[in-house]
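Written below as C-alpha cells is the structure these notes are about.
Per chain, numbering begins at 1; letters A, B, ... match sequence-line order. Keep in mind that this is a model prediction, so the values were computed, not measured.
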Number of protein chains: 2
Amino acid sequence: MAGIDDVARRAGVSTATVSRALSGRGPVSTATRDRVLAAAEELGYVVSAAASSLATGRARAVGVVVPFLDRWFFSTVLAGISDALVREGYDITLYSVSADPAERRRVFEDHLRRRRIDAVVTIAIEMDAAESALLRSLGVPVVSIGGPNPLLTTLTVDDRAVGRLATEHLIALGHRRVTHIGADTTTNAASSVPALRRLGFTETMDAIGADAVFEPADFTIEGGSAAATRTLSGDVPPTAIFAASDEMAIGAILAARELGLRVPADVSIIGVDGHELGRWFGLTTVDQFARGQGERAAEAALAELDGADPAPGLGTLPFELVDRGSTGPVDVSRR
Amino acid sequence: MAGIDDVARRAGVSTATVSRALSGRGPVSTATRDRVLAAAEELGYVVSAAASSLATGRARAVGVVVPFLDRWFFSTVLAGISDALVREGYDITLYSVSADPAERRRVFEDHLRRRRIDAVVTIAIEMDAAESALLRSLGVPVVSIGGPNPLLTTLTVDDRAVGRLATEHLIALGHRRVTHIGADTTTNAASSVPALRRLGFTETMDAIGADAVFEPADFTIEGGSAAATRTLSGDVPPTAIFAASDEMAIGAILAARELGLRVPADVSIIGVDGHELGRWFGLTTVDQFARGQGERAAEAALAELDGADPAPGLGTLPFELVDRGSTGPVDVSRR
DNA sequence: CTGTTAGCGCTTTCAT
DNA sequence: ATGAAAGCGCTAACAG
C-alpha cells in the first residue's frame, strides 16, 4: 500500500507538502495541490489512521457505548449517530457493555482508554461516579443520552414529564385504576430513565388521589406480556396500562388479547418510544424520536470537539404523544 | 494520561522492558514483570492504540460493514459479532453504507483503507468485482456473511435450499397456489440472497408443475403487508404465501387479518429468519440463527488473522424449519 | 509557498 | 534478562 513518500516522490514535492495538500491545513499553491491530489488518487493513497492519529492527537473516530445492540431503541439511536458521523467523515467504534461486571470494567478501563477515539457517546448507560470520572478523565467530549448525569454532558428527554404526559392522557379519558409497567426501580438509580418515568406516573396518580399500581418487567415484549397478564388477572384489574416502553406495551396488548380483552374497550394501553412496530398494533405512545436523539448526540459531541462549550448542563430532547387508538374512554360500568 | 516512560520510570526499568512485560512478548524476569504490572496499574496506564498500531501493524480492531443498523437481522448479527470480538479484546469499528453511491464509495475507498482494522466482516453487502477487489487489497482477512461471493471468504446459508425447504413445506401441506414475496430480483445479482431464495421457490414449484407466482416487496413489515394485500386481492388468490423474511411474513399476517382471512385456515404463511417477534405471531419460519452467524463470522476472521487458512471456499451455515402454526393443510374446497 | 527536521508513543532488533 | 536506539508513517514548527 502506498505511503506518503510515494505520493511525495510522484508529485515531486516533500512529504510535508503532501500532508498539507491532503489535509487542507497550511498553505499550498493550487498547482502543487492539484499535482499532489492527482498523485494520491493514482496511487490510491489514504492517510494511515494510526500515523496521523499519533502525530495529531486526533483519531477521527468517536466511541459509542451501548448496553444492547439488538434492541430497537439502541439500534435506532445508533443509526442516527452513524448518519451524523458518516457525514463528517468520522468512524465509529462500538463498545457494547453487557451485564457482566468484569467485561464492563474491561470496556471502561481498557478499551475506552486506548486513545482511539476523539469523543464518546453513551446510550442509556447508568454509570456510577467512578465510571463517570473515568470517562471524564479520557480528556475528550462525552455526551450521554438518557438519564441525567450531573457529572457529564447529557442529552435527555424529561422522562418525568413523559411519565406525567402518558398518565394524564389516561386520566383525562376517565381512568383511575391504572397499572404502570416498568423496570424494577430498586436496581436502578433514582435518576434513571425508568425511575423517572415511574415518578411522573406516581406523582400524577397521587395528585388525583388514585392508587399508583406498579408491576415490574424487563423492557421486552415478553416481559410486558407477563406483567400485563399478572396485573390484568388480579382481583381489581386496571382499566388502563402505562408501559414504560413500546415493546412492553406491545406485550401488554398481546397479553390482553390472550385474555380475551379488547383494546381499548376493555383496557387502554399506552407506551413510550415511537417503535416502528407500534403502528401495526395501533399503539398510542409517547414518541421520543430515537433516531433524532442519536443525531443530536453525535452533533453535540463533534461540536464540543470543535471547541464549542460543553452543552450547558443538560440538553433537553423533544417528545410527543401519538394517539393511534389503543387508549380510549374508560368503560363507565367498570370504573 | 500516563505514557510508557512514566511506567518505566516508576518501575525502574526501560520502556523496552515495560513493553515486553505488558505485551507478554519477549523474556522478562518474574520479579520485573510484577513491578511493571504494578506500576502500570497504579498509573492507570493503557497502551495507546495509535502508537502500538503504528509500531506493530496490528490495530486490535475489526471493521464491520452493514447496510442497515436498525433492522432486526443486521443488529442481531452485529450483536453476535460484538460478543465474539469483545471476548478476544478486539474493538469493533462500524461502517454503515447507505444506498447513496457517493457515500458508499467513501466508505470503500477512504474509511476502510485507513489501516485502522485488522480484519473486516461484511453483512449482506452485495459487492461488485471492483469493491471485492478493493477489500482484498486491504491485505487483511475479509469474511462476508450472506450471498456467496467467489472473490471473498464467505459464510452463508444455502439460501436456495432455504427457498426449497419453505416451499416444500407448503407443498406437503397440499398447497399448489403459492405466492412468493421477495426482493425485486432485477435490481439484485443472481447470486444475491433474495435471488437464491426465489430460485429455490421457483424450481420447487416448477418441479410439481405449479405456477411460481412472485410479488416484490422491500423486506419490511410494511412492504410485506402491501405485497400480501395485492396478491390476496387478486382474481385467483394463493392459499399460501412464502415471504423471504420474517418481517415481510409478519406484514403478510397483518394484511391477511385486515382482509378478514384466517391464518392458516384461509391462508398459510411462512417466513425466513427466526425473528424474535415471530413467536408472538405464531409465525412458521426457516430460522437462520442470526446471532450465531455473527459469532461465527467474527471467529473466522480472527482465526484467519492468527494464520489459519482462509475458510475453504464457503462456510455453510445451518438453518431449520420452525413450525409455529401459521401454516396448515390447504382447505380442500379452495384448492 | 515549500522543504527540513523533530517528534507523536510504542515495539523491536541488536548488543550487552 | 535488560537497555539503547532505530524506526512505524505522518504532522507541525521552523527556516528559508
For A:R116 and C:dC10, what is the distance between atoms CZ and P respectively, to the nearest whole Å? 14 Å
I'd like to check A:E295 versus A:F289 (side-chain heavy atoms, cut-off strictly below 4.5 Å). Are they in contact? no
Output the rounded distance in Å from CZ (A:R114) to C1' (C:dC10). 14 Å
Which residues in residues 3-11 of chain A have at least one heavy atom lying under 4.0 Å from any atom of DNA chain C? none
Terminal helix-axis angle for the helix from C:dC1-D:dG16 to C:dT16-D:dA1, with five pairs defining each axis and rounding to 10 degrees: 30°
Please determine which of A:R115, A:R106, A:R114, A:R113 meets the salt bridge (Lys or Arg N to Asp or Glu O under 4.0 Å) test together with B:D91. A:R114
Verify the neighbour count for atom CD of A:E41: are there more than 12 heavy atoms of other residues, nucleotides or ligands below 6.0 Å? no
Show the numbers, then the answer: is there a side-chain contact (heavy atoms from CB on, under 4.5 Å) between A:E42 and A:V7? CA-CA 9 Å; A:E42 287 159 22; A:V7 180; over 6 Å; no
Going 5' to 3' along DNA chain D, which are the first and last nucleotides with any atom under 4.0 Å from a heavy atom of chain B? D:dA1 to D:dG9
How about A:V142 and A:T153: do any of their side-chain heavy atoms sit closer than 4.5 Å? no
Show your working on side-chain contact (heavy atoms from CB on, under 4.5 Å) between B:L94 and B:V64 and close with a plain yes or no. CA-CA 5 Å; B:L94 206 52; B:V64 178; 4.3 Å; yes
Ignoring hydrogens and geometry, is there a side-chain-to-backbone donor-acceptor pair from B:S23 to B:R25 under 3.5 Å? yes
Which residues in residues 29-40 of chain B have at least one heavy atom lying under 4.0 Å from any atom of DNA chain D? B:S29, B:T32
B:E109 meets the side chain to side chain donor-acceptor pair (under 3.5 Å) criterion, sequence neighbours left out, with B:R105
Closest contact, heavy atoms only, B:G12 versus B:R35: O-NH2, 4.1 Å
Quick one, A:S52 and A:R60 - any side-chain contact, counting heavy atoms below 4.5 Å? no
Does B:Q288 offer a backbone N or O that forms a donor-acceptor pair with the side chain of B:Q293 under 3.5 Å? yes
Quick one: is C:dC10 close enough that its OP1 or OP2 comes under 4.0 Å of any side-chain N or O from B:S52? no
Is there a side-chain contact between A:P67 and A:I125 in this structure, where contact means two heavy atoms from C-beta onward sitting under 4.5 Å apart? yes
For A:D6 and A:G3, indicate whether the former's side chain and the latter's backbone hold a donor-acceptor pair under 3.5 Å. yes
Which pairs, protein N/O on one side and nucleotides 3-7 of chain C N/O on the other, fall under 3.5 Å?
residue	atom	partner	partner atom	Å
C:dG3	OP2	A:S14	N	3.0
C:dG3	OP2	A:S14	OG	3.3
C:dG3	OP2	A:T17	OG1	2.8
C:dG3	N7	A:R20	NH2	2.8
C:dG3	O6	A:R20	NH1	3.0

List the steps and the verdict of side-chain contact (heavy atoms from CB on, under 4.5 Å) for B:D118 and B:Y90. CA-CA 9 Å; B:D118 296 330; B:Y90 277 78; 3.7 Å; yes
For the side chain to side chain contact (heavy atoms under 4.5 Å, CB included) test, which of B:D83, B:V77, B:L78 pairs with B:R291? B:D83
Rounded interatomic separation in angstrom, taking CG from B:L54 and P from C:dT11: 11 Å
